[in-house]
Amino acid sequence: MKIDRLLAITMLLLNRKRISAKELSERFEVSLRTVYRDVEAINQAGVPIASYSGSSGGYEIMDQYRLDRQFLSLEELQSIIVGLKGIRSTMGDQEIGSLLDKVGALVAKSEQHTVAHMNNQLLIDMNPWRGSGSDKEKLNTLKSAIRQSQLISFQYTTSQSEISVRTAEPMGIVVKGYGWYLYGFCLLRQDFRIFRLTRMKELEVLSRTFERKQKTIEQLDYRWGKRDAADYVKLVLHIQPNARAQAEDYFQAEQIAEQPDGSLLVTAVQPDEPWLHGMLLSYGPSLRIIEPTHLVEIIKDKAQKIIKLYEVDH
């Protein structure tokens, strides 16, 4: 429908600095003539769109323009409120609380009962099970350093349990899985690095400032998420029925094949890193590695070392 396309174009322009008529034509699968008519219709509706010519030309909406609340449904407002509450529960940020008040003010009094009812249907809590006040302090300290482009110093423990003092340019904070991470440029390694907040100690914001590198959080996240194929290993695991819940919590349904005796045969590809050994050992005698053989030897060696810890000298 035309009205849907006009709204979609408006939303796109609000989220982009500038976009060409050709790109709009390709995105919505309409002719350039239709794009020109749509933009004119949006202008006539009171949305101020400026047109620029040349190789870098296109359309953009005036900087100060914003949409009214009427473009957001009650369900969309509720999604924003739930998301903000999840962030506030982790960061304890006063600004988030103020933002929640402003978003809540967009809800009509006649709708507030419905919103309260919807609040009881979904809860987002990103606090780790081991969460403490120190985690929130780190988050707020890092957020301030990122905003002010100030260097930070901290003691860091790597996944290999190596401890070093780092100085870094903080670029962004990311929550993944069960933990929070800092994305930044490490001056010691002279490269971009990801630091887990639970392994950061003696965090200090320095007075020195830095010029932010031309990298976005999305680009850095893609870089760390895109591993070389050599970094992965194919696992074939036989898991006993008593560890079914643990296996289903971690592995995807399509990676699990139930056997006639109720046990599970898991086939999955995982990063070949030290934390994988601990994950496999956590199953105890309920898991047997079928492939690869090098992991079998590693787990056997670690199990023998564990046994020696509990051997009693006679």
Participant: Can you name the residues that form a salt bridge (charged side-chain N to carboxylate O under 4.0 Å, His left out) with E40, not counting sequence neighbours?
Facilitator: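 Scan of E40 (salt bridge (charged side-chain N to carboxylate O under 4.0 Å, His left out), adjacent residues dropped) gives none.
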Participant: Report yes if the side chains of L24 and D38 come closer than 4.5 Å at any heavy-atom pair, otherwise no.
Facilitator: no
Participant: Any heavy-atom pair between the side chains of P170 and F210 that's under 4.5 Å?
Facilitator: yes
Participant: Answer yes or no: does atom NZ of K201 have more than 12 heavy-atom neighbours from other residues, nucleotides or ligands under 6.0 Å?
Facilitator: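 Result for NZ/K201: open.
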Participant: Evaluate I299 against L287 for side-chain contact (heavy atoms from CB on, under 4.5 Å), listing each step before the verdict.
Facilitator: CA-CA 11 Å; I299 297 302; L287 177 146; over 6 Å; no
Participant: So if you build clusters from Ile, Leu, Val, Met, Phe, Trp, Tyr with side-chain heavy-atom gaps below 4.5 Å, do I290 and V269 land together?
Facilitator: no
Participant: How many angstroms lie between OG in S263 and CZ in R288, if you round to the nearest 0.5 Å?
Facilitator: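 The CZ atom of R288 is 9.5 Å from OG of S263, to the nearest 0.5 Å.
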Participant: Which distance, rounded to the nearest 0.5 Å, do you find between the CZ of R27 and the CD1 of I9?
Facilitator: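 Rounded to the nearest 0.5 Å, the CZ-CD1 separation comes to 10.0 Å.
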Participant: Do side-chain atoms of S144 reach the backbone of N140 as a donor and acceptor pair under 3.5 angstrom?
Facilitator: no
Participant: Once you round to the nearest 0.5 Å, how far does CG of L206 lie from OG1 of T167?
Facilitator: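 That separation rounds to 6.0 Å.
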Participant: So, do R212 and E169 sit near enough that their side-chain heavy atoms are less than 4.5 Å apart?
Facilitator: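 A side-chain contact is absent here, since even the closest heavy-atom pair is not under 4.5 Å.
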Participant: Any side-chain to backbone donor/acceptor pair from R166 onto L188? Under 3.5 Å, distance only.
Facilitator: no
Participant: Kindly determine whether I152 and L182 satisfy side-chain contact (heavy atoms from CB on, under 4.5 Å), including the steps that lead there.
Facilitator: CA-CA 11 Å; I152 57 171; L182 168 72; 3.6 Å; yes
Participant: Sequence neighbours excluded, which residues qualify as salt bridge (charged side-chain N to carboxylate O under 4.0 Å, His left out) partners of K305?
Facilitator: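 Checked K305 against salt bridge (charged side-chain N to carboxylate O under 4.0 Å, His left out); matches are D301.
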Participant: Whether the side chain of K138 engages the backbone of M200 through a donor-acceptor N/O pair (distance < 3.5 Å, no angle test) should be reported.
Facilitator: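 Answer holds: yes.
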Participant: Which atom pair, heavy atoms only, marks the closest approach of S25 to S31?
Facilitator: OG-C, 3.9 Å
Participant: Can you find a pair of side-chain heavy atoms, one from V233 and one from L276, that are under 4.5 Å apart?
Facilitator: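 Yes, their side chains come closer than 4.5 Å.
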Participant: Might you point out which heavy atoms bring P271 and Y232 nearest each other, and give the distance in Å?
Facilitator: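 Of all heavy-atom pairs spanning P271 and Y232, the closest is N-CD2, 3.7 Å.
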Participant: Are Q246 and S282 close enough that a side-chain donor and a side-chain acceptor fall under 3.5 Å?
Facilitator: yes
Participant: When you look at CD of E211, are more than 12 heavy atoms from neighbouring residues, nucleotides or ligands closer to it than 6.0 Å?
Facilitator: no
Participant: Between L235 and V266, is any pair of side-chain heavy atoms under 4.5 Å apart?
Facilitator: no
Participant: Is the closest side-chain heavy-atom distance between Q148 and T209 below 4.5 Å?
Facilitator: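 With C-beta onward as the side chain, the pair stays apart.
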Participant: Can you measure from CD (Q304) to CD (E311) and round to the nearest 0.5 angstrom?
Facilitator: 8.5 Å
Participant: Given 3.5 Å as the limit, does a donor-acceptor pair link the side chain of Q259 with the main chain of A257, or not?
Facilitator: yes
Participant: Going by the rule salt bridge (charged side-chain N to carboxylate O under 4.0 Å, His left out), which residues pair with E23 if we only count those two or more places apart in sequence or in a different chain?
Facilitator: R16
Participant: With rounding to the nearest 0.5 angstrom, report the OH to OG1 distance, Y36 to T34.
Facilitator: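 So the gap between those two atoms works out to 10.5 Å.
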Participant: Would L203 end up clustered with V165 when hydrophobic side chains under 4.5 Å apart are linked, directly or stepwise?
Facilitator: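 No, no single cluster joins them.
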Participant: Take Q255 and T267, measure what side-chain contact (heavy atoms from CB on, under 4.5 Å) needs, and give me the verdict at the end.
Facilitator: CA-CA 5 Å; Q255 297 173 329; T267 304; 5.8 Å; no
Participant: Near R208 CZ, under 6.0 Å, is it more than 12 heavy atoms from other residues, nucleotides or ligands?
Facilitator: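 Not buried by this count: 12 neighbours or fewer within 6.0 Å.
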Participant: Below 4.5 Å, heavy atoms only, C-beta onward: do R196 and Y156 meet side chain to side chain?
Facilitator: yes
Participant: Without swapping roles, check the side chain of E248 against the backbone of A245 for a donor-acceptor pair under 3.5 Å.
Facilitator: no
Participant: Are L265 and I239 joined in one hydrophobic group, where the rule is that I, L, V, M, F, W and Y side chains link up if heavy atoms are under 4.5 Å apart?
Facilitator: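 The answer is no; the residues belong to distinct hydrophobic clusters.
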Participant: Do other residues, nucleotides or ligands put more than 12 heavy atoms under 6.0 Å from the CD atom of E254?
Facilitator: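 Yes, because the 6.0 Å sphere around CD of E254 holds more than 12 heavy atoms from other groups.
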Participant: As an exercise, state the distance from CD of Q44 to CD1 of I42, rounded to the nearest 0.5 Å.
Facilitator: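 Between atom CD of Q44 and atom CD1 of I42 there are 10.5 Å.
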Participant: Do F195 and F154 have their ring centres less than 6.0 Å from each other?
Facilitator: yes
Participant: Are the side chains of F185 and K215 in contact, using a 4.5 Å heavy-atom criterion?
Facilitator: no
Participant: Please report the shortest heavy-atom distance between Y283 and A247, naming the atom on each side.
Facilitator: OH-CA, 3.5 Å
Participant: Count I, L, V, M, F, W, Y as connected when their side-chain heavy atoms are under 4.5 Å apart, and connections chain through other members. Are I49 and Y52 then in the same cluster?
Facilitator: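 Shared cluster, no.
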Participant: Assess whether side-chain contact (heavy atoms from CB on, under 4.5 Å) is satisfied between L295 and H277, documenting all intermediate values.
Facilitator: CA-CA 8 Å; L295 263 184; H277 310 154; 3.5 Å; yes
Participant: Under 4.5 Å between side-chain heavy atoms, hopping through other hydrophobics if needed: is there a path connecting W275 to L237?
Facilitator: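 Yes, it is one cluster - the side chains of W275 and L237 are joined through contacts under 4.5 Å.
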